[in-house]
Amino acid sequence: MQFWLTSIVTVLSSLLIYYYYNNNNNILTTQSQPDSVSDMSTISKYVKHQGSILPSYFFSHGGPTFMYETGSFGNQGAWNKIRSIGHQIKAMPSSDKPDYIIVVSAHWQSSGSNTIEIGTTWSNAGNGENPLIYDFYGFPKYMYAEEFHSNNNVAVANAIKSKLAESGFKTELTDRGIDHGVWVPFKVAFSGYNTLSDPQPDYQEKRQLDLPDIAMIQVSLTSNDTDFDTHFKLGQALDFFRHNQVWDETNKKYLKGMVICSGMSVHNLRELGVSMQYLQQNPTAKGLPYVKPFNELIKSIVEADTSSNILTKLNELKRDPLLRKAHPTLDHFLPLVVACGIANDSKQNVKEIYNDELGSIGWGIYQIGNNVESKI
């Protein structure tokens with residue numbers, strides 16, 4: 001009997017030692033190596049806090065003619081400012097440069113009032129090139145030959161989906177190209193060619209990536225363009241990616257992010273014809289009477305101290321007739337609401353870095369946060 005008792009104690013002791021050793025090894029492995037994204041139930045398991053925080057931007061993107069420095073209904077000053085921002089980002093040292101840019105455009109609204117879609121591509125296991133959507137009509141043929149080449153990143157797309165779900169949004173990945181609210185200003189920022197300056201290659205050729213080391217992921221707005229609260233909340237959620245790096249299992253590295261929102265500070269295409277007549281009759285005017293006052297009003301709101309309730313002020317705008325004059329529909333204003341959510345969550349100031357007016361259009365460009373060691 002004593003022999004059997006001794007044997008049982010020996011076996012149990014061995015099992016306990018084996019379990020303890022393997023359990024500790026598993027703990028050490030988990031702590032030193034991040035899990036793959038597909039195994040994650042929460043965003044916190046595959047991110048880490050990053051040091052320097054990149055600024056965020058709101059671009060006024062204009063129409064497709066904005067691709068050209070002196071294009072009609074474009075704005076050369078806005079073109080130069082966005083081009084300067086893009087060149088400075090591309091010139092940053094690798095330690096500061098973003099590995100990906102999340103972009104919110106006025107031209108993508110989801111089908112649900114609390115639903116946010118994240119653009120992806122099924123090519124190259126989700127890391128393939130973003131197709132272009134030529135969502136403009138009646139323009140010269142050469143505009144439909146314009147190109148912009150960028151890649152998506154499936155790890156970032158999944159991380160955005162997880163974070164937005166944690167923030168209470170309905171989310172889904174959507175196989176979708178990027179619309180002109182994204183690729184037109186990004187072409188200005190990051191490309192060195194267009195069909196007027198450098199003819200496009202024929203169908204047998206393919207240009208290199210315009211963003212060879214920066215992925216681009218587009219995120220939608222919701223379907224409800226009067227719901228500023230939800231879009232402000234979207235900005236707060238996306239700000240997470242400016243402060244934390246995402247683990248990319250494919251490339252075995254953490255990725256640093258930037259967020260850019262793309263809309264217009266004033267966008268009233270309904271009165272574009274009226275504005276042209278107005279400018280002919282008033283040669284010293286640059287825009288319709290409401291354009292400059294609305295630009296100045298928005299500047300005063302977004303540049304207010306972050307301790308004030310910026311969301312309250314944005315919601316109060318709904319009772320101001322000036323808002324509906326400047327934005328008969330609010331789709332091009334919503335990306336600015338998202339940008340304000342980014343600023344509010346970071347407690348970072350917003351500053352206007354460019355503005356102008358033309359007819360019934362305003363060209364506000366805003367920066368959220370400070371430059372990174374004066375490099376941007």
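Small disclaimer: the values here were computed from a predicted structure and weren't measured.
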Do other residues, nucleotides or ligands put more than 12 heavy atoms under 6.0 Å from K318 NZ?
yes

With no hydrogens and no angle check, just 3.5 Å: does a side-chain donor-acceptor pair link Y354 and Q367?
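Y354 vs Q367: no donor-acceptor pair found between side chains.
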
Can you check whether [Y]'s main-chain N or O pairs, donor with acceptor, with [X]'s side chain at less than 3.5 Å?
{"X": "S113", "Y": "S223", "result": "no"}
{"X": "Q218", "Y": "V182", "result": "no"}
{"X": "R83", "Y": "V188", "result": "yes"}
{"X": "D99", "Y": "K256", "result": "yes"}
{"X": "N282", "Y": "Y278", "result": "yes"}
{"X": "Y144", "Y": "F136", "result": "yes"}
{"X": "N152", "Y": "G119", "result": "yes"}

Can you tell me how far apart CG (L164) and CG (L238) are? Round to the nearest 0.5 Å.
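Taking CG in L164 and CG in L238, the distance rounds to 6.0 Å.
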
When rounded to the nearest 0.5 angstrom, what distance separates CD1 in I368 from CG in D239?
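The distance works out to 9.5 Å.
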
Using the ring-ring contact (aromatic ring centres under 6.0 Å, His included) criterion, which residues pair with F232? Sequence neighbours excluded.
none

Give the C-alpha distance, both sets of side-chain angles, the deciding distance and a yes or no for ring-ring contact (aromatic ring centres under 6.0 Å, His included) between F59 and Y366.
CA-CA 7 Å; F59 289 167; Y366 308 95; over 10 Å; no

Any chance the rings of H327 and F294 have centres within less than 6.0 Å?
yes

Walk me through it: do F190 and W183 pass the test ring-ring contact (aromatic ring centres under 6.0 Å, His included)?
CA-CA 10 Å; F190 300 112; W183 66 264; over 10 Å; no

Test: E146 and K187 ion pair at under 4.0 Å
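Salt bridge present between E146 and K187.
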
Taking only Lys NZ, Arg NE, NH1 and NH2, and the carboxylate oxygens of Asp or Glu, determine whether D213 and K90 approach each other closer than 4.0 Å.
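Salt bridge: no.
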
With a 4.5 Å limit on heavy-atom distance, are the side chains of V302 and C340 in contact?
yes

Close side-chain approach of Q109 and S220, heavy atoms under 4.5 Å:
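Sidechains of S220 and Q109: no contact.
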
Ring geometry between H107 and H180 (parallel below 30°, tilted from 30 to 60°, perpendicular above 60°):
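Because their plane-to-plane angle lies in the 30° to 60° range, the rings of H180 and H107 count as tilted.
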
Restricting to side-chain contact (heavy atoms from CB on, under 4.5 Å), what partner residues turn up for E172, sequence neighbours left out?
T115, E117, T174

